[in-house]
Amino acid sequence: MALNYHVLVIGGGSTGAALVHDLALRGFRVTLVERGELTSGTAGRHHGLLHSGGRYAVKDQESARECIEENQILRRIAPGSFEENDGLFVAITDEDVAYRDKFVKGCADCGIPTQVLTREQALRLEPHLNPEMKLAVRVPDGTMDCWRVPMRFFATAKHNGANIQPYTEVVEILRRERTVVGARVKSHVTGKVTEIGADIVVNATGAWAEKISEMAGVRVPVRPSPGVMVAVRGRWCNMVVNRLAPAGDGDIIVPQRALSVIGTTSWYTDDPDRLGLPEDHVQMMYQKGGELIPAVKAAPFRAAWSAARPLIGDEVLEGGRELSRTFKCYDHKVRDGVDGIVTISGGKGTTMRGMAEATANVVVQKLGVDAPCRTREVVLLPYWAYYQEVQG
Ligand SMILES: Cc1cc2nc3c(=O)[nH]c(=O)nc-3n(C[C@H](O)[C@H](O)[C@H](O)COP(=O)(O)OP(=O)(O)OC[C@H]3O[C@@H](n4cnc5c(N)ncnc54)[C@H](O)[C@@H]3O)c2cc1C
């Protein structure tokens with residue numbers, strides 16, 4: 001069913017990818033603009049951990065529930081995109097052991113299956129774990145390719161008629177009185193500036209959301225919170241390894257092909273284009289990662305990089321772990337009295353589809369059309385279909 005409404009999505013990360021797919025399936029005419037290459041923001045630069053939600057099960061249960069639900073849906077709609085390797089939350093100290101019951105209960109509250117393993121059972125699964133470890137809890141984490149999964153959404157959207165324009169930057173939001181009616185965009189290929197009209201504009205620019213909202217004269221409480229990741233050569237675990245403790249620095253190791261990715265840290269910045277790569281954070285990844293798997297301390301360096309989380313919160317806090325990892329969708333008519341624009345922010349790569357569903361529901365409601373979500377069931381095309389010509 002074709003709907004005679006045009007939606008402009010700004011931002012070609014995982015959230016924009018899932019959203020353009022959702023809107024195209026519902027029958028909207030949809031255009032997505034991304035200032036750089038697709039997934040060149042945060043989405044293409046995370047660890048690649050398909051979260052079970054275990055990491056958030058004690059302190060941030062809303063986010064944990066979103067993760068486990070989307071973890072299961074993504075496995076269904078994007079088969080072959082994940083290493084279904086599970087994760088271990090590993091106790092090294094007596095304090096970690098004391099955290100076990102809280103962790104297992106938190107997981108049970110959120111519907112995350114767990115299995116408590118003895119030291120011997122865990123070491124049999126992962127022989128490189130710290131031999132002083134005391135026990136581990138197994139959860140359905142996984143490894144994903146943070147570029148290929150969003151590209152499957154883009155591919156399917158493109159073949160369903162979406163117009164996807166990378167290297168196209170929004171330089172101005174167009175308003176008619178108190179209604180947003182489109183955007184002025186600059187092509188970084190031709191240098192040309194053009195206008196794109198829209199019935200609804202969705203700001204899906206993650207850590208950059210505040211910049212777009214300022215152009216529109218609305219406010220979103222997004223706090224860009226960067227973190228550092230380090231990849232070392234060698235696959236020092238086959239499962240995702242986490243510390244059995246409240247989320248902290250350097251407490252995740254994700255196997256990615258023949259590498260191990262150690263992450264991460266957390267701080268706040270005002271400018272997501274200038275993150276830097278603090279050397280002490282890189283060193284901390286070796287040290288903290290080495291507490292989980294000693295061999296990573298001496299493993300050859302492959303790469304280190306940083307990326308910014310789009311966390312939601314007004315407060316200026318200390319480190320970045322105080323804010324929830326859940327997502328929020330703002331209808332700026334309700335929030336700021338400006339119609340025609342919606343912002344989606346927060347969340348995780350893992351929750352991209354759920355974020356898109358919530359946002360598309362707001363779009364549908366604003367336009368007063370009946371177009372239900374279908375993305376829970378429709379199996380995505382392979383990532384390489386994005387580069388194929390659309391037939392017919
Ligand atoms: C250190 C770290 C580790 C993480 N690890 C994981 C993990 O292992 N698993 C997981 O599930 N999640 C993880 N996350 C979270 C996840 O990466 C993010 O939640 C997700 O990538 C956000 O995607 P997004 O599409 O909302 O934002 P982005 O990917 O940042 O997309 C926004 C896009 O908007 C574009 N843009 C900005 N301004 C404009 C403009 N004016 N015009 C056009 N385009 C514009 C940007 O170029 C960008 O590509 C991690 C995050 C961090 C920071």
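For clarity, every value in this text was computed on a predicted model and none was experimentally measured. Note that these values count all heavy atoms, side chains included, but never hydrogens, waters or copies made by symmetry.
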Among Arg243, Met133, Gln115, Arg138, the one residue meeting side-chain contact (heavy atoms from CB on, under 4.5 Å) with Leu88: Arg138
Answer with yes or no whether the hydrophobic clustering places Val193 together with Met215; edges join I, L, V, M, F, W, Y residues whose side-chain heavy atoms lie under 4.5 Å apart. no
Quick one: sort the Phe89 and Phe103 rings into parallel, tilted or perpendicular, breaks at 30° and 60°. tilted
Are the side chain of Asp22 and the backbone of Ala360 linked by a donor-acceptor contact shorter than 3.5 Å? no
Matching residue for Glu66 among Thr351, Asn71, Thr326 - test: side chain to side chain donor-acceptor pair (under 3.5 Å): Thr326
Under the 3.5 angstrom rule, does the side chain of Glu169 hit a backbone N or O of Val171 as a donor-acceptor pair? no
Would you kindly confirm whether Met355 and Val364 end up in one hydrophobic cluster when ILVMFWY residues are joined by side chain heavy atoms under 4.5 Å apart? yes
Answer yes or no: are there more than 12 heavy-atom neighbours, outside Gln365 itself, under 6.0 Å from its atom CD? no
Flag yes if more than 12 heavy atoms outside Arg175 fall under 6.0 Å of its CZ atom; otherwise flag no. yes
Test Tyr56 against His51 for ring pair (Phe, Tyr, Trp, His ring centres under 6.0 Å), laying out the working first. CA-CA 9 Å; Tyr56 309 114; His51 283 280; 5.4 Å; yes
Cluster overlap Tyr99 with Val90, hydrophobic side-chain contacts below 4.5 Å: no
Within 6.0 Å of CZ in Arg76, more than 12 heavy atoms from elsewhere: yes
Hey, which of Phe28, Phe153, Phe154 is the one that makes ring pair (Phe, Tyr, Trp, His ring centres under 6.0 Å) with His21? Phe153
So Glu357 and Arg353, salt bridge (charged side-chain N to carboxylate O under 4.0 Å, His left out) or not? Walk me through it. CA-CA 6 Å; Glu357 177 177 344; Arg353 191 218 61 85; 2.8 Å; yes
For Tyr286, is the NZ or CZ atom of Lys297 found under 6.0 angstrom from the centre of its six-membered ring and inside 45 degrees of the ring axis? no
Output yes when Glu195 and Arg184 qualify as a salt bridge under the 4.0 Å nitrogen-oxygen rule, no when they do not. yes
For the residue pair Gly289 and Ile262, what are the closest heavy atoms and their distance? CA-CG2, 3.9 Å
Under a plain distance cut-off of 3.5 Å, with no hydrogens placed, do Thr269 and Asp271 share a side-chain donor-acceptor pair? no
Does the pair Val137 and Leu117 meet the rule for a side chain to side chain contact (heavy atoms under 4.5 Å, CB included), with working shown? CA-CA 6 Å; Val137 183; Leu117 303 179; over 6 Å; no
For the pair Leu259 and Arg233, evaluate side chain to side chain contact (heavy atoms under 4.5 Å, CB included) and give the outcome as yes or no after the intermediate values. CA-CA 5 Å; Leu259 302 172; Arg233 289 191 195 278; 4.3 Å; yes
Which heavy atom of Tyr383 sits nearest to which heavy atom of Ala155, and what is that distance? O-CB, 4.1 Å
Between His188 and Thr168, does any side-chain donor sit less than 3.5 Å from a side-chain acceptor? no
Do Asp273 and Trp208 have side-chain N/O donor and acceptor atoms under 3.5 Å apart? yes
Flag for Gln287-Glu291: side-chain donor and acceptor within less than 3.5 Å: yes
Whether Arg257 and Asp145 form a salt bridge (side-chain N of Lys/Arg under 4.0 Å from carboxylate O of Asp/Glu) is what I want to check. yes
The side-chain contact (heavy atoms from CB on, under 4.5 Å) partner of Leu32 among Leu23, Leu38, Leu19, Val7 is Leu38
Please say whether more than 12 non-hydrogen atoms of neighbouring residues, nucleotides or ligands are located less than 6.0 Å from NZ in Lys211. yes
Distance under 6.0 Å and angle within 45° of ring axis: Arg223 vs Tyr268: yes
Could you tell me whether the side chain of Gln121 and the main chain of Thr118 form a donor-acceptor pair under 3.5 Å? yes
Is there a donor-acceptor pair under 3.5 Å between the side chain of Arg119 and the backbone N or O of Pro131? yes
Counting only heavy atoms not in Asp270, do more than 12 sit closer than 6.0 Å to its CG atom? no
Using the side chain to side chain donor-acceptor pair (under 3.5 Å) definition, which of the options Arg178, Lys366, His332 pairs with Asp339? Lys366
Audit row: Leu74, Leu50, side chain to side chain contact (heavy atoms under 4.5 Å, CB included) steps and yes/no: CA-CA 9 Å; Leu74 280 182; Leu50 177 70; 3.9 Å; yes
Could you tell me whether the side chain of Trp267 reaches within less than 4.5 Å of the side chain of His281, counting heavy atoms only? yes
Go through the side-chain N and O atoms of Asp249 and Thr265 and say whether any donor and acceptor fall under 3.5 Å apart. no
Residues Pro140 and Pro113: closest non-hydrogen pair is CD-O, 3.4 Å
Show your reasoning for whether side-chain hydrogen bond (donor to acceptor under 3.5 Å, both in side chains) applies to Arg26 and Asn361. CA-CA 10 Å; Arg26 292 189 202 223; Asn361 285 345; 2.9 Å; yes
Ion pair check, Arg335 and Asp331, cut-off under 4.0 Å: no
Glu177 atom CD, over 12 foreign heavy atoms within 6.0 Å: no
Can you see which heavy atom on Ile164 is nearest to which on Ala157, and at what distance? CD1-CB, 4.4 Å
Evaluate the salt bridge (charged side-chain N to carboxylate O under 4.0 Å, His left out) criterion for residues Arg235 and Glu83: first the C-alpha distance (whole Å), next the side-chain angles of each, then the deciding distance (0.1 Å), finally the verdict. CA-CA 13 Å; Arg235 196 177 156 96; Glu83 254 191 75; 2.6 Å; yes
Run the salt-bridge test on Lys288 and Asp251 with the 4.0 Å N-O cut-off and return the result as yes or no. no
When you compare the side chains of His6 and Thr31, does any donor N or O come within less than 3.5 Å of an acceptor on the partner? yes
If hydrophobic clusters are built from ILVMFWY residues whose side chains come within less than 4.5 Å, do Val338 and Val201 share one? yes
Classify the side-chain pair Thr143/Asn85 by whether it contains a donor and acceptor separated by less than 3.5 Å. yes
Is any NZ, NE, NH1 or NH2 atom of the basic residue among Arg376 and Glu69 found under 4.0 Å from an Asp or Glu carboxylate oxygen of the other? yes
same_hphob_cluster(Met285, Val296) at 4.5 Å side-chain heavy-atom cutoff: yes
Looking only at heavy atoms, the pair that brings Val222 and Gly206 closest together is CG1-O, 3.9 Å
Specify the closest pair of heavy atoms between Ile253 and Cys237, including all atoms of both residues, with the distance to one decimal. CG2-SG, 3.8 Å
Apply side chain to side chain contact (heavy atoms under 4.5 Å, CB included) to residues Arg148 and Ser81 and explain how you reach the verdict. CA-CA 7 Å; Arg148 284 187 180 163; Ser81 289; 5.7 Å; no
Distance in Å, Thr156 OG1 paired with Leu380 CG, rounded so as to fall on 0.5 Å steps: 4.5 Å
